[in-house]
Amino acid sequence: MKEKQPFLKFTFLFFVMLTLTGYSQDIKIKGNVQADGIPLPGVSIVIKGTRKGTTTDFDGEYSISGVNKGDVLIFSYIGYETQEATVNNQNTINISLIEDNSQLDEVVVVGYGVKRKADLTGSVSSLDAKAFDLQPVTTLEEGMQGRLSGVQVVQSSGQPGAGTSIRIRGVASLAGSSEPLFVIDGIPQFNSDVREANGLSTLDPNEIASIEVLKDAASTAIYGSRAANGVVLITTKRGKTGEPVFRFSSNLGIQSVRNKLDLMSGQEYVDFVTEYYDNSIADGDLTQLDKDQAIQEFQNAGIANTDWQDELFRSAIRQNHSISVSGGSETSKYFVSLSYLDQEGAVLDTDFNRVALRVNLDNNIGSRVKLATQLSGSRTFQNRFVGNDGTNNTGGGKNGIGSILAAEPSIAPRDADGNLSDVRPYSFSSVENQNPFGYVEATDQREAYRFQGNVEARIQLLEGLTNTVRFGATYNNADIGVYLPSSLLITPQQASIQSRKDLNLLVENFVTYNKQINDNINLNLVGGVAYQNEISDRFSISGQGLPDDNLTINALQALETVSPPETNKVEQTLNSVFGRVNISIKGRYLFNASVRRDGASQFAKGNKHATFPAASLGWRISEEEFISDESTISNLKLRASWGQSGNQAILPYQSLTIGESVNTPQGNGIGLNSGLAPNLPNKNLTWETSTQTNLGLDFGFADQKYRFSFDWYTKTTEDLLANILLPLSSGFSSIISNVGEIRNRGFEITAGVDIPVSDDFEILVDANLSSNKNEVIKTNDGEDIITGGSNDRTGATLIVREGESLSSFYMIKFLGNDENGNPIFEDVDENGVIDGADRQIVGSSLPDFVYGINLTANYKRLSLGMNWQGVSGLTVHNSRLSSFVGANPGSNKRSDLRDFTPRPSVASAIGGRQSDRFLENASYLRLKNIKLNYAFPTEKMKGISNLNVYVSAQNLITITDYSGYDPEVNSFSGGDLRQGVDLSSYPSVRTLTLGFNLTF
Amino acid sequence: MINNIKVKTKTLLRAILFVFVGLSTFVSCEDQLEEAPESLISLESINENTMESLILGMYESITRERNRSFESRYLRLLELQAEYQWGRGGTRTRLSNYDFNGASLSDKQTMWSSFYKSIGRANVLISLINTTEDLSESSKNLGGGEARFFRAVMHYQLVRIWGQVPLRLEPVKDASQADLALSSIDNIYASIIADLQFAEDNLPATADPGRATAGSAKTFLADVYLTRKEYQLAKDKAKEIIDNAATYGYELVSDFSSLFSPTAPTNSEDVFSIKFAQIIGFGNFHTDAWAMREPRVNGVRLGVAAGFSTASAFESGNANPASTFITGWDDADIRKQYTLVDKVTLPDGTEVDVIPQVTRDIDLDGDGTVETERGLYTFGKYRDPGSPGEFGSGNDFYLMRYADVFLIYAEAENQLNGPTQSAIDAINVVRDRAYNGSAPDLLPEEIASKEAFDDRIFTERGYEFVQESKRWFDIVRTNRFSIISDALKPLGPNGDIATNPYWPLPALETSVNGGL
């Protein structure tokens, strides 16, 4: 019953609303105001010579009463030419405003409303659908990369459908998450839904109308406890009044691995192994017996020359099609789209495909109620190469890509009978080596269904006063199935299925009041309440021993042994009250204040509620009288903001005294018994709070042909949620607590220029640069937090230490090789032993700069677009490098091994231990996308309004010193402290695309 | 106009009411924020059922994969410190050379961690039993007995491996209670003995496989007394068990190899063992850890052909050819035939020699020059040809079996009264089983004196318990460090292990525990 409460309440509220039906009024004029067919909200309408007036609502609609025949209505809106209309006998006056200049008057979505860019006092980056047209992207995140200042987008690997992490203004959490809050059409998404389930990959970029990124606290505080890492607002396309418009777009791409690694050939490998034994015998570390055995084993197995990368990589096809139709009447509009993406991976047996359907409707119910409905559903299916999406923490040869890199080149992939060959034919072969074709035969698939439906009713209660009721539900179901076939040596014939279901419900009610108090003062108020709840169910089962590999995960009843299935149900709830005031005086002095109070279930009793206030000021100097209208300055604005937001991204139930179900064979001997493991609750658990100050300057001249924007911010996060270490003898390894403080401080610059070379040739340039400095101000009692090292096989550790940046690598330092070719490491404590005590901070995976440059050149009907994107000043741990250049035989090596290890031997093998020599500068500059588009003249094509044909390339140029597959890599998920680690990740691809867009 | 204003006011009031209703219905529901987990059990208080579950949860931390204690590391690390073992590679080589500092930190740390995790769970259980009034007195004693037994057994491991350690007798309820100083070895043993005495008085005589009984507690008590050189107490306790063997169902099994069956739930000799199941993640790694690493012979993996394991082959160690324990072992001893492996029969019937993978440069023949020597045997006490994969072997791991009791009795009696007939009878019970029911008589010189017979008992314990991780504790307990150098093994790079035979405390303990 408890779960049904929101429905009941919603129903109740709905009836309350229906009682608020019409009331009598005097003579009245109504209509709508638009520009280029787009409704304009907030347009001021005044009866000339009086103070009587109103403003348009969210949909550009207005009504004004007490009007007499002959009165003149003045429609004014900053950035648009003011218009007058005389009232005659008509009841409806529709007005189309003409733009004064561009850009400044674009409307951007902010939380619970929209705002003109010119009126923004906080820091918001936005992208509209045009940005997605510039490149044939398959995911939303790809389209965001390099285009938004202060936003870093990192793909975990090159695998189709791979996850992405997004960082807005740095990282500021330890045990919580550093991912922003995603809000899709007004529905805040629970973090686990978006990131863990990779929910954004289910959206087709063609459905997106705009993306707004709220960065400073004044913008984000309205989302309160989930907004500390920034907020990404995603708005989907809607129908416009008019005849149906069909849009069909289609593209076909061919992808190939961007760069192969230069590894040893079969003979080079044999020579290397021989040299290793010779050197080691000379040193007295190995014996002739050992070498004879190795040589004998080479001879027994026969020496092949296999390039395992060539064996497993391929040219892969990507196709993407979408069709949409939109249109409607004054009272009823629609947008319907259907899309299909099918992307093969550049590694055999990997792919990703997606079918997405969306229906967005707008209906007027009577004159006072507008209903906006969004329904979407999608299915995604991903074939992975076993353990390469960054969530798997095994490295070495025990995953797909790792097995390709580890397989010794002297071994043929198949034996004479065509069976997969033994990839451990030598006694020195690493026991982790697996035949990569075993992973090709393996199953590792992820199938996800996602449905989102939300209905929003906007009821006009009074002039300028609107009540909005929003009801939303998101259902997500993802199944991961893995089967390892009998051709794999470790844990063969093992099958597992993991299933998750998440249901997320939202009920919101808020009131918007817009009032032109007099000629000078405009007031906008928002106030409301929200309830959101998510129930997640997990189910997993695994077992071993199938009679036939072909059954994979489809007949688990045939398994010989099955581990106990696990189910887990988790629920979390958030209750909120929020409000906001906007005051604009003379269009010059802007004031904005907001507050949100949230209550979250996952915090301890007594600590469940917190309040997040914010305020901001703006001064549009360019509107001052001392700046003459003739001035070339089209925009000059100073902004200042301060505010607080929170982070609550921790697992529920951590403040309760509970026991978790566990299994043990004890008390049984053959099967299993179930027991309870008591936890260590934290009865004081509460939010992380971020306090952010933002100062900004916007400057533009010559009708915004030249524009520049600068933001400086400092953001301090306190009460960090962190797992603090306990002595192991306490019986627990850590306890989640609120400790410590992190500061992110930085600046963002965006600049743009439009160069009209001639009437039919123009060049548009937009560039952005962001810099963030992260510093850990305080940890628990000044203690370091060290993560990583053993289980993930990287051997790398990361440290959280006061005064240093988060994600600092903590490793021993390699000083060079001695005259015998043996490595020397820095012995920090000078005790003659190189061990964990000699580790030091040797780099950070957080970049100094993130930047992007977007160039568009339009010549007649041709346009050329380029998207350059880069990061600099960061290091990535190329963990595979340690076995590529370590002297131990057993897995394949890089051809240039001797540059690292001049004399391979037992003694020099220690050079392969993880140290800072495997940290690499991962700065890069990349031509992410280049596109040449031709727009056909459609005047003579009947029924066709637009036809564009283009050719494009992605990842054509990458300038980097990183020696792994790709510098843009992150093998651990966003919630992990181990960032910037490359665990044999899936290679990145270069794509050539041919495509067209057709509108009719 | 006035009318207009009135309407507006009225509507405004309605609007305010509307917002108010919305606010109150959504936000006043504070109970929506109360957490009520459906997949977890509240432990604010307990009943008989949750008590039983908590007992099993206490065992869970030492039986599960990846805690890496009894399913792999306890055996690998401690057994390699026997003088008859040569470790293969990395940390295994260093441990078998007594380089306690050089050996991997994480290996030892995870053992420490899982022992203390069990102790922590035992303490939570004891505390809940004490604070829950609804439990019957007999339940309290039963649950308390098992928790105290388990806490004592874990502290017994800790004190023998690390020496002075924190003695945890109270549950940690928040971070401020987590620091704790080291206790003296005497105090730790006093607590172990008190816990075991409570357990022997309150536990039942028999129980499900792997659950503690009064017999388990008494056997551990006898072993602890022997370690403390309380020979009279050790002898009396051992005799009490032998005299009441029927009560506890104890009897030596006649077929030695059946003791290590991967499928039998238990047997009459099982006093207390860690149970493993043939389910990945709930089985042991011993089979893989000790299987022959040698690559395929005639296309067949030796570890598979020998029935050791089905998945991996790590060959953690070989028999030291310089150890007289190994070279002097009678071929007729069934235990040797079962445990030491140097030949494997392939499926096609051909018998091949195993090539042990460890080689060392030692002066085996004593001629003053060092030569490369190969290990003599691979160890084969744990075999599971039916294992589903790594960490999936079903063989149990004994901490105490009934043979212990006879050897404890023999040793204690000899220490008190010399090689008496009852001491000889006790050792022969164990020896007879190793010779199909009738062992050859002990040689006269073996029973010529208390010292000679003590040596003989030490050797017999080795034969009986090889690969059961008792040798190192026996060496330390009886101060027999000389056999290590006799077996041409170095006594560690950092000085005399005889004066400090303990592993250094794990770094995560020393760096975080403010009480140290």
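Just so it is clear, the values below take in all heavy atoms, side chains as well, and ignore hydrogens, waters and symmetry mates. Being a predicted model, the structure only gives us computed values, none of them experimental. Chain A is the first sequence line, chain B the second, and so forth, proteins listed ahead of strands; every chain is numbered from 1.
No other option in G284(A), S655(A), A677(A) has as many heavy-atom pairs under 4.5 Å with chain B as A677(A). Listed options S601(A), P681(A), G731(A), G675(A) were ranked by heavy-atom pairs under 4.5 angstrom with chain B; first place goes to S601(A). Most heavy-atom pairs under 4.5 Å with chain B: of the set L656(A), N679(A), I735(A), this distinction falls to L656(A). Most heavy-atom pairs under 4.5 Å with chain B: of the set V662(A), N684(A), T567(A), T561(A), this distinction falls to V662(A). Looking only at heavy-atom pairs under 4.5 Å with chain B, the residue among I724(A), N663(A), L574(A) that has the most is N663(A). Of the listed residues (V562(A), L726(A), D422(A), L286(A)), the one with the most heavy-atom contacts under 4.5 Å to chain B is D422(A).
A distance of 15.0 Å separates OG in S427(A) from CE in M292(B), rounded to the nearest 0.5 Å. A distance of 10.5 Å separates CG of L651(A) from OG of S536(A), quoted to the nearest 0.5 Å.
With a 4.5 angstrom heavy-atom cutoff, P166(B) touches chain A only via side-chain atoms. Neither the backbone nor the side chain of N123(B) comes within contact range of chain A, judged by heavy atoms closer than 4.5 Å. With a 4.5 Å cut-off on non-hydrogen atoms, I274(B) touches chain A through its backbone and its side chain both. The part of S429(A) that comes within reach of chain B is its backbone (N, CA, C, O), which places non-hydrogen atoms under 4.5 angstrom from that chain. For F314(B), the part lying under 4.5 angstrom from a heavy atom of chain A is the side chain only. For a residue to count as touching a neighbouring chain, one of its non-hydrogen atoms must lie under 4.5 Å from one of that chain's; by this rule S42(B) touches chain A with backbone and side chain alike. Q278(B) touches chain A through its backbone: at least one of N, CA, C or O sits under 4.5 Å from a heavy atom, while the side chain does not. Residue S118(B): no heavy atom, backbone or side chain, is found under 4.5 Å from chain A. Heavy atoms of I119(B) lying under 4.5 Å from chain A are absent altogether. Contacts between D290(A) and chain B at a heavy-atom distance below 4.5 Å involve the side chain alone, from C-beta outward.
Side-chain atoms of Q293(A) never come within 3.5 Å of backbone atoms of L289(A) as a donor-acceptor pair (strictly under, hydrogens ignored).
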- Query: After noting the C-alpha distance and the side-chain angles of R538(A) and E566(A), does the key distance pass the salt bridge (charged side-chain N to carboxylate O under 4.0 Å, His left out) rule?
  - Reply: CA-CA 8 Å; R538(A) 300 281 189 284; E566(A) 289 179 27; over 6 Å; no
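Side-chain contact between Y513(A) and L465(A): present, with at least one pair of heavy atoms (C-beta onward) separated by less than 4.5 Å.
When ring centroids are compared, F272(B) and F150(B) stay outside the 6.0 Å threshold.
The neighbour count for E170(B) CD, taken as heavy atoms of other residues, nucleotides or ligands under 6.0 Å away, does not exceed 12.
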